[in-house]
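The structure under discussion appears below in the form of structure tokens.
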Amino acid sequence: YLGAVVRESLRVHGVGVPGAGLAGCVRAVTSPEGASLGGVFLPPGTLVAAPPACVHGSAPNFANPSRFSPDRWLEPVKPHTPKAVTEKPGPVLLVGKPKAHGGAPGAFVPFGSGPAACPAQGAALLQVTALVASLVSSFRMRLDDSMGGRKGVAAASEEDGAGARLGAGLKMVFVPRASIGFSADV
């Protein structure tokens, strides 16, 4: 599930590298007849670029694109239950079998795509996943009181018109977990 949370975070919030621009999200019109985009004719060979945020926030690419939903990255899997334990079929759960994509094929491009894609994306995903696992295991996290709880976050996300994309960010409080030797006085 952690991998699904990381992928969904990259889809909703994305990564930005100054100067990288749209390098990884550029496609050329390959049809010899050209193509039409929004009523504009594009001759063969024309380069078309789209920022990852536009691709990731597009309803044809991802159902409910403004909703943070890690489950979109998981396949439904029946839990394995020995017949000796129960004869009833178990419920269908979403349990860690990753999908190749959480939306339209080729629509997940947080690191660009094709030859101009980030060559270190595998290492970056590994580092982000390890960081999140370390934070979750080391700290209890909660919203800062100034955020107004879940209702305050929901209201703020509606006000900025970007769904889960809060322009001012989330203010969080990290409380060290006593079970791993940290002092709460830190």
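Values reported hereafter were calculated over all heavy atoms of this structure, with side chains retained and with hydrogens, waters and symmetry mates removed.
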> With sequence neighbours excluded, what pairs up with Asp144 under the side-chain hydrogen bond (donor to acceptor under 3.5 Å, both in side chains) test?
Replying inline: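 Asp144 satisfies side-chain hydrogen bond (donor to acceptor under 3.5 Å, both in side chains) with Ser146 once adjacent residues are dropped.
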
>> Using the side-chain hydrogen bond (donor to acceptor under 3.5 Å, both in side chains) criterion, which residues pair with Thr30? Sequence neighbours excluded.
In response: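 In terms of side-chain hydrogen bond (donor to acceptor under 3.5 Å, both in side chains), with neighbours along the sequence ignored, Thr30 is linked to no residue.
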
Pairing residues for [X] by the side chain to side chain contact (heavy atoms under 4.5 Å, CB included) criterion, not counting sequence neighbours:
X: Leu2; value: Val6, Thr129, Val132, Ala133
X: Ala107; value: Val55, Asn61, Phe62, Ala104
X: Ser9; value: Val5, Phe68
X: Leu143; value: Met147, Val153, Leu170, Met172

> Which atom pair, heavy atoms only, marks the closest approach of Ala4 to Pro70?
Replying inline: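 Answer, listing the atom of Ala4 first, then Pro70: CB-O, 3.4 Å.
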
>> Ignoring hydrogens, what is the shortest heavy-atom contact between Trp73 and Arg11? Give both atom names and the distance.
In response: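 Nearest pair, atom of Trp73 first, then Arg11: CZ2-CD, 4.3 Å.
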
Measure the spacing between [atom1] of [X] and [atom2] of [Y] and express it to the nearest 0.5 Å.
X: Ser138; Y: Arg177; atom1: OG; atom2: CZ; result: 8.5 Å
X: Arg67; Y: Glu8; atom1: CZ; atom2: CD; result: 9.0 Å
X: Met141; Y: Leu135; atom1: CE; atom2: CG; result: 5.5 Å
X: Ser134; Y: Gln127; atom1: OG; atom2: CD; result: 12.5 Å

Any side-chain heavy-atom pair of [X] and [Y] under 4.5 Å:
X: Tyr1; Y: Leu74; value: yes
X: His56; Y: Val109; value: yes
X: Val128; Y: Leu126; value: no

Kindly list each side-chain donor-acceptor pair under 3.5 angstrom involving residues 31-46, sequence neighbours excluded, with atom names and distances?
residue, atom, partner, partner atom, Å
Ser31, OG, Glu33, N, 3.2
Ser31, OG, Glu33, OE1, 2.8
Ser31, OG, Gly34, O, 3.4
Thr46, OG1, Pro43, O, 2.6

> Is it the case that one hydrophobic cluster holds both Leu131 and Leu10, taking links as side-chain heavy atoms less than 4.5 Å apart, direct or via other members?
Replying inline: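 Linked, Leu131 and Leu10 end up in one cluster.
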
>> Under the rule for salt bridge (Lys or Arg N to Asp or Glu O under 4.0 Å), what residues qualify as partners of Arg140, not counting sequence neighbours?
In response: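 Scan of Arg140 (salt bridge (Lys or Arg N to Asp or Glu O under 4.0 Å), adjacent residues dropped) gives none.
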
>> Quick check against the 3.5 Å criterion: does Arg7 have a side-chain atom that pairs as donor or acceptor with the backbone of Phe108?
In response: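 Here the side-chain-to-backbone pair does not exist.
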
